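Single-structure report; data block below.
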Amino acid sequence: MAQAAAVAKPPAPPRRRRASATPRRLPYLLIAPAALLMLGFIAYPVISVFYYSLQNYNPTKPWRNGYAGFDNFTRIFTDDPLFWDTLVFSAKWVFVEVGLQLLFGLALALIVNQTFVGRGLGRALVFSPWAVSGVLTSAIWVLLYNSQTGITRYLADMGIGDYGVSWLSDTSTVFPAVVVADLWRGVPFFAILILADLQSVSKDLYEAAEVDGASRIKQFWHITLPHLKDAIILSTLLRAVWEFNNVDLLYTLTGGGPAGETTTLPLYIANTSVDAHNFGYASALTTVAFVILLFCSMVYLRLSKFGGESK
């Protein structure tokens with residue numbers, strides 16, 4: 001029969017389904033709204049600052065508002081001695097603060113990395129100042145430096161110094177006073193980051209060094225410090241940018257005084273914009289500060305060889 005003689009055809013191979021692009025794009029689609037909002041909140045202020053830096057904009061003197069071109073920048077570099085004074089003090093402030101915070105933070109991290117009774121409590125006490133807000137930190141140190149009820153009063157009771165002395169009002173003592181206040185909160189930042197990196201150092205390296213007769217100092221210099229290189233570079237860069245932009249502590253403690261002795265460039269910008277309402281000139285100062293920070297950060301990362309292998 002013809003039907004019986006017919007040879008059955010083999011089944012056709014299944015078609016390969018094209019991989020849908022939607023699952024691959026789904027994570028990006030989910031984070032797109034948040035990313036766009038963050039971009040808007042970051043990009044709009046930055047663009048506004050660049051725009052107003054080319055303007056004369058003072059809400060209290062609207063008849064003078066208008067396009068200024070590069071007049072604001074010309075004034076900064078040729079006719080504003082306060083800019084150079086505040087820039088020099090900002091560099092001094094950053095260098096002293098970051099250097100001391102790194103030194104004490106490294107020492108604390110090495111101490112709390114050891115095994116001893118009550119180590120958990122010790123770590124909590126070391127890290128606790130970092131959990132305190134900047135405003136609260138300022139309020140604490142304002143009370144501590146109060147000439148009637150603060151440290152100077154108790155020192156005078158012990159025969160050290162005179163009553164009624166205010167360290168924040170004396171040009172010879174105001175800088176060490178604000179440095180100590182900021183150290184109290186800044187040191188734990190370095191201690192936390194360095195301790196986290198110390199946890200990853202293999203103990204086998206120290207055991208091998210002890211077998212070879214290496215002292216504690218040599219172990220620190222040849223094992224610990226090279227391992228901490230990237231953590232130290234990153235933490236110092238982040239803290240330097242933070243300290244350069246520090247306004248709340250100095251504004252609360254001294255307001256930039258006495259006689260402008262503690263006025264940093266960001267504090268000068270804040271006073272120019274908030275107090276003098278000269279937003280155009282303050283925007284130009286902000287633009288210059290941004291360029292300075294960007295240039296110094298690039299040079300620092302270049303010279304420090306961040307991410308490279310330690311020799």
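In what follows, every heavy atom counts, from backbone to side chain, and hydrogens, waters and symmetry copies are set aside. Fair warning: this is a prediction, and the values are worked out from it, not measured in the lab.
Nearest approach of Ala240 to Val94, heavy atoms of both residues: CB-CG1, 3.8 Å. Gly255 and Leu267 get closest at one heavy-atom pair: C-CD2, 4.1 Å. The shortest non-hydrogen separation linking Tyr154 to Thr149 is CE1-O, 3.7 Å. Closest approach of Pro266 and Asn245 over heavy atoms only: CG-CA, 3.8 Å. Residues Ser297 and Val241 approach most closely at OG-CG2, 4.3 Å, considering heavy atoms. Of all non-hydrogen atoms in Val178 and Glu97, the two that sit nearest each other are O-OE2, 4.0 Å.
Distance CG/Leu110 to CD1/Ile194: 7.5 Å, rounded to 0.5 Å. To the nearest 0.5 angstrom, Ser283 atom OG is 9.0 Å from Ile269 atom CD1. If you take CG on Leu237 and CD1 on Ile232, they are separated by 13.5 Å, rounding to the nearest 0.5 Å. Note: Ile151 CD1 to Leu143 CG = 10.5 Å, rounded to the nearest 0.5 Å. Residue Asp197 holds its CG atom at 8.0 Å from CG of Asp230, rounded to the nearest 0.5 Å. Atoms OG1 and CD, on Thr173 and Glu261 in that order, are 10.5 Å from each other to the nearest 0.5 Å.
Heavy-atom neighbours of Phe244 CZ from other residues, nucleotides or ligands within 6.0 Å: above the threshold of 12. Within a 6.0 Å sphere centred on CZ of Phe95, other residues, nucleotides and ligands contribute 12 heavy atoms or fewer.
Between Thr236 and Tyr300, the side chains place a donor N or O and an acceptor N or O closer than 3.5 Å (distance only, hydrogens not considered).
Residues Thr252 and Leu250 fail the side-chain proximity criterion, which asks for heavy atoms closer than 4.5 Å. With contacts defined as side-chain heavy-atom distances shorter than 4.5 Å, the pair Phe189/Trp242 does not qualify. A 4.5 Å side-chain heavy-atom check between Leu144 and Trp141 finds at least one atom pair inside the cut-off.
None of Asp80, Asp85, Thr263, Thr86 except one satisfies the side chain to side chain donor-acceptor pair (under 3.5 Å) rule with Tyr268; the exception is Asp80.
Using cut-offs of 30° and 60° for the angle between ring planes, the Phe175 and Trp93 rings count as perpendicular.
Although no hydrogens or angles enter the test, the distance criterion places a donor-acceptor pair under 3.5 Å between the side chain of Ser273 and the main chain of Ala270. Although no hydrogens or angles enter the test, the distance criterion places no donor-acceptor pair under 3.5 Å between the side chain of Ser235 and the main chain of Phe190. Between the Thr262 side chain and the Gly257 main chain, a donor and an acceptor come within less than 3.5 Å of each other. Panel note: side chain Asn113, backbone Ala109; no donor-acceptor pair is recorded below 3.5 Å.
Within the structure, side chain to side chain donor-acceptor pair (under 3.5 Å) pairs that include any residue of residues 44-55 do not occur (at least two apart or interchain). Listed by first and then second residue, the side chain to side chain donor-acceptor pair (under 3.5 Å) pairs that reach into residues 62-79 come to none, sequence neighbours excluded. Contacts classified as salt bridge (Lys or Arg N to Asp or Glu O under 4.0 Å) and involving residues 164-185 (residues at least two apart or in different chains) are not found.
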For this session: Carefully, step by step, assess Val142 and Ile140 under the rule side-chain contact (heavy atoms from CB on, under 4.5 Å).
Result: CA-CA 6 Å; Val142 165; Ile140 292 172; over 6 Å; no

For this session: Give the C-alpha distance, both sets of side-chain angles, the deciding distance and a yes or no for side-chain contact (heavy atoms from CB on, under 4.5 Å) between Leu234 and Leu193.
Result: CA-CA 9 Å; Leu234 181 60; Leu193 291 183; over 6 Å; no

In a table with atom names and distances, give each donor-acceptor pair under 3.5 Å that connects a side chain of residues 211-221 to protein atoms at least two apart or in another chain.
unit_1	atom_1	unit_2	atom_2	d
Ser215	OG	Lys218	N	3.4
Gln219	NE2	Ala214	O	3.2

I'd like a table of donor-acceptor pairs (distance under 3.5 Å, sequence neighbours excluded) in which one partner is a side-chain atom from residues 125-138, with atom names and distances.
unit_1	atom_1	unit_2	atom_2	d
Ser128	OG	Leu125	O	2.9
Ser133	OG	Leu136	N	3.3
Thr137	OG1	Ser133	O	2.9
Ser138	OG	Gly134	O	2.9

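Side-chain heavy atoms closer than 4.5 Å link hydrophobic residues (I, L, V, M, F, W, Y) into clusters, and following such links, even through other members, never connects Tyr57 to Val49. No continuous path of hydrophobic side-chain contacts links Val46 to Met38 [ILVMFWY only; heavy atoms under 4.5 Å]. Grouping the Ile, Leu, Val, Met, Phe, Trp and Tyr side chains by contacts below 4.5 angstrom, directly or via other members, places Val180 with Phe89. In the hydrophobic cluster analysis, where Ile, Leu, Val, Met, Phe, Trp and Tyr join through side-chain heavy atoms closer than 4.5 angstrom, Ile76 is grouped together with Leu293. Leu228 and Val98 fall within a single hydrophobic cluster, where Ile, Leu, Val, Met, Phe, Trp and Tyr side chains are chained together by heavy-atom contacts under 4.5 Å.
Grouping Ile, Leu, Val, Met, Phe, Trp and Tyr residues whose side-chain heavy atoms lie under 4.5 Å apart, directly or via other members, places Leu303 in a hydrophobic cluster with Phe295, Val299.
Remark: Arg239 engages Glu243 in a salt bridge, criterion side-chain N to carboxylate O under 4.0 Å.
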